[in-house]
Protein chains: 2
Amino acid sequence: MGQGRVVSAAEQSLGVLIRKLESIASLSPQERQALTGLSVTVRTLSAGQDIVRDADRTTQCCLVVQGWTGRYKLLTRGRRQIFSFHVPGDIPDLESLFRPVMDHSVATLTKATVAFIPHESLRELIAAHPGLAAVFWRSTLIDGAVFRAWMLGLGRRSAFEHMAHLFCELYLKLRAVGLAGDGRCPLPITQVDLGDALGLSNVHVNRVLQVLRGQKLISLHSSTLVIEDWPALVRISEFDPEYLGLEKLVAT
Amino acid sequence: MGQGRVVSAAEQSLGVLIRKLESIASLSPQERQALTGLSVTVRTLSAGQDIVRDADRTTQCCLVVQGWTGRYKLLTRGRRQIFSFHVPGDIPDLESLFRPVMDHSVATLTKATVAFIPHESLRELIAAHPGLAAVFWRSTLIDGAVFRAWMLGLGRRSAFEHMAHLFCELYLKLRAVGLAGDGRCPLPITQVDLGDALGLSNVHVNRVLQVLRGQKLISLHSSTLVIEDWPALVRISEFDPEYLGLEKLVAT
DNA sequence: CGTGATCTTGAATACGGTCAACGGTAGTGG
DNA sequence: CCACTACCGTTGACCGTATTCAAGATCACG
């Protein structure tokens with residue numbers, strides 16, 4: 001990082017977590033300090049690996065440090081619904097702290113680094129710092145708000161509008177933690193994954209992407225999404241960023 | 001109630017709340033006691049009234065005491081998506097405690113009695129009783145789990161499977177608070193509402209209902225849903241009640 | 001350079017939507 | 001008590017979005 005200092009994997013993980021939490025709330029110095037005291041175990045996984053499985057009983061949460069993960073559930077006949085994408089700083093299974101039996105799975109969508117945090121540590125942390133409990137609670141509430149936004153897309157938006165909405169969401173979410181900007185953000189997932197999130201077939205995802213590109217709304221280059229016409233995307237998808245609960249919503 | 005004692009509207013409201021919370025967690029006597037100390041304002045509304053509106057900034061939560069309410073959001077061209085149904089004991093906008101600006105609306109779906117609880121009172125309550133904070137947090141997490149179940153239906157289930165799944169969910173949810181049993185539960189909403197929850201047109205809701213009745217899976221009589229073949233409904237919709245977070249899952 | 005995954009395209013099909021009309025029913029007011 | 005009204009449920013005909021199936025092209029990685 002050009003800082004002339006070796007940063008351990010654990011320190012890096014907690015830095016990523018703090019950056020994320022500060023994108024949705026403000027932390028006191030004591031709270032930041034307390035967070036850096038968390039004990040974590042860092043692991044690197046290849047794409048397509050399950051981190052936690054449906055029906056598992058968990059004793060730790062997983063923090064995404066690098067790469068993307070997703071929550072999903074399978075039905076018969078190979079049907080899969082992805083419920084959320086998770087990027088560095090997110091804790092996809094934070095809820096397992098209060099509902100340890102999983103009702104869905106969490107998996108890597110790309111090669112990813114994840115840090116495991118024991119429930120025990122998190123429980124001590126929030127008992128000692130009620131402010132942090134509120135931040136984590138708030139974080140799960142934002143997850144819920146994102147679920148609702150996706151429901152609206154799944155139920156009532158056209159495939160075209162829905163995809164446009166998702167791209168708006170991903171761009172802002174990534175920018176909030178410093179992983180996007182200048183109209184560009186990484187999109188390191190396959191069209192199948194995109195379809196499983198949008199409730200579409202991979203074939204239709206491909207066709208809708210072609211329309212979005214054809215209308216000069218976006219473009220794609222080697223797994224990066226370029227927002228070519230933000231105002232149009234926002235208008236078409238009726239996108240309102242309020243639900244993301246981001247502290248600062250500046251710049252493009 | 002045949003108890004030879006007058007029960008005030010406020011007492012009744014809190015009783016309904018306690019019954020609901022006990023369906024998803026166990027409360028200590030002190031916690032129950034503390035809950036009964038909440039100050040509430042009770043109101044009765046006709047069907048189709050907004051209780052809180054998208055973009056409102058709130059200072060209180062609303063507890064459903066009687067009747068059904070729902071959370072929803074509108075898009076252009078009259079499109080509406082209902083995100084959840086709320087029955088007596090539910091607090092549809094509990095999240096507003098930590099996210100006071102609404103990203104959706106809450107409305108009555110039937111004539112309903114609701115009790116308003118100031119954020120201030122709830123905040124004092126959970127500060128004094130961390131156990132209750134955990135119960136409320138858990139309640140918002142269960143809401144999230146229900147959102148995911150609906151997403152799976154919206155994205156990957158057929159209309160037929162999706163509706164069957166919803167009926168299984170509603171039946172168990174109502175039974176858990178004593179409002180259903182013996183294979184019957186109230187279903188006091190219109191086919192339009194059902195469609196807006198399932199992401200379907202009212203016309204298609206009507207047709208799917210006919211198939212469900214034709215296959216002797218359910219029947220409908222004056223706003224009550226009769227489950228005629230529970231095992232078949234569960235099998236068809238791949239229903240697994242785990243996500244509802246109910247403490248006891250006994251009997252039919 | 002080879003191989004499996006991913007992306008792309010076309011053709012046929014199905015699921016659910018839209019539009020329009022009609023019927024039933026509960027509530028209202030004369 | 002009946003007529004009127006508004007809302008809800010029901011039905012039919014037609015249409016459109018998205019799926020399925022199948023094949024071929026391209027890409028990424030070992």
Side-chain angles (χ1 to χ4, degrees), chain A residues 46-49 67-68 75-82 107-111 153-164 166 186-214 218-225 236-237, chain B residues 46-49 68 75-82 107-111 153-164 166 186-214 218-225 236:
Chain A
S46 59
Q49 304 296 305
W68 285 30
L75 290 177
T76 52
R77 275 172 280 141
R79 293 173 293 180
R80 178 174 72 148
Q81 178 67 43
I82 292 180
T108 56
L109 298 173
T110 68
K111 183 168 183 295
L154 287 163
R156 291 308 191 199
R157 276 191 246 261
S158 69
F160 182 72
E161 297 164 338
H162 191 187
M163 197 179 293
L166 177 61
L187 188 72
I189 57 175
T190 66
Q191 293 184 2
V192 171
D193 293 335
L194 218 40
D196 285 345
L198 295 168
L200 301 172
S201 67
N202 60 334
V203 174
H204 201 55
V205 165
N206 187 280
R207 289 175 176 144
V208 172
L209 277 173
Q210 289 181 46
V211 177
L212 281 165
R213 284 183 291 204
I218 62 157
S219 60
L220 291 165
H221 307 103
S222 56
S223 295
T224 101
L225 167 68
I236 287 166
S237 63
Chain B
S46 60
Q49 302 298 305
W68 285 31
L75 289 178
T76 53
R77 274 172 280 142
R79 294 173 293 179
R80 179 174 71 148
Q81 178 67 45
I82 292 180
T108 57
L109 298 173
T110 68
K111 183 168 181 297
L154 287 163
R156 292 307 193 199
R157 277 191 246 260
S158 69
F160 182 73
E161 296 163 339
H162 191 186
M163 196 178 295
L166 177 61
L187 188 71
I189 58 174
T190 66
Q191 293 183 4
V192 171
D193 293 335
L194 219 40
D196 285 344
L198 296 168
L200 301 172
S201 67
N202 60 335
V203 174
H204 202 57
V205 166
N206 186 282
R207 289 176 173 141
V208 172
L209 277 172
Q210 290 181 48
V211 177
L212 282 165
R213 284 183 290 204
I218 62 158
S219 59
L220 291 167
H221 308 102
S222 56
S223 295
T224 101
L225 167 69
I236 286 165

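Here the structure is a predicted model, which is why all the values come from computation and not from measurement. Order of the sequence lines sets the chain letters (A, B, ...), proteins ahead of strands, with each chain counted from 1.
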Is the shortest side-chain N/O distance from Q191(B) to OP1 or OP2 of dT10(D) below 4.0 Å? yes

Checklist entry - For dC7(C), does OP1 or OP2 lie under 4.0 Å from any side-chain N or O of N206(A)? => result no

(request) Determine the contact category for S201(A): base if any of its heavy atoms lies under 4.0 Å from a base atom, sugar-phosphate if only primed atoms, P, OP1 or OP2 are that close, otherwise nothing. (result) base

note: R77(B), atom CZ; dT18(C), atom C1'; distance rounded to Å ~ 13 Å

L194(A) atom CG is separated from dC7(C) atom P, nearest whole Å, by 9 Å

*asked:* Using a heavy-atom cut-off of 4.0 Å across all strands, would you classify G199(B) as base, sugar-phosphate, or nothing?
replied: sugar-phosphate

Go through the steps for L154(A) and L198(A) under the test side chain to side chain contact (heavy atoms under 4.5 Å, CB included), then give the verdict.
CA-CA 6 Å; L154(A) 287 163; L198(A) 295 168; 5.6 Å; no

Rounded to whole Å, CG of N202(A) lies from C1' of dA5(C) at a distance of 12 Å

query: Does the side chain of L75(A) come within less than 4.5 Å of R80(A)'s, by heavy atoms?
result: no

Heavy-atom check, side chain of L166(B) versus side chain of L194(B), under 4.5 Å = yes

With the side chain defined as heavy atoms from C-beta on, V203(B) is closest, among dC19(C), dG16(C), dT6(C), to dC19(C)

Need one value for G48(B): base, sugar-phosphate or nothing, where a base atom within 4.0 Å counts as base even if backbone is also close, heavy atoms only.
nothing

request  = Mind checking L200(A) for me? I need base, sugar-phosphate or nothing, with any heavy atom below 4.0 Å counting as a touch.
outcome  = sugar-phosphate

From NE2 of H221(A) across to P of dA28(D) the rounded distance in Å is 13 Å

Going by modelled atom types, is there a donor-acceptor pair between the base of dG9(D) and the side chain of R207(B) at under 3.5 Å? no

Margin query: At 4.0 Å (heavy atoms only), tell me whether R213(B) reaches a base, stays on the sugar-phosphate, or touches nothing.
Written below: sugar-phosphate

By nearest-nucleotide position on DNA chain D, the 5'-leaning member of R157(A) and S222(A) is R157(A)

Side chain to side chain contact (heavy atoms under 4.5 Å, CB included) assessment of R213(A) paired with I218(A) | CA-CA 5 Å; R213(A) 284 183 291 204; I218(A) 62 157; 4.1 Å; yes

pair V208(B)-H162(B): side-chain heavy atoms closer than 4.5 Å: no

Separation of dG27(C) atom C1' from K111(B) atom NZ, nearest Å, is 15 Å

Rounded to whole Å, the CZ-P distance (R156(B) to dA18(D)) equals 13 Å

note: H204(A), atom NE2; dA12(C), atom C1'; distance rounded to Å ~ 16 Å

Separation of dG17(C) atom C1' from D196(B) atom CG, nearest Å, is 14 Å

Query raised in the report: Can you check whether Q210(B) has a side-chain N or O nearer than 4.0 Å to OP1 or OP2 of dG9(D)?
Result: no

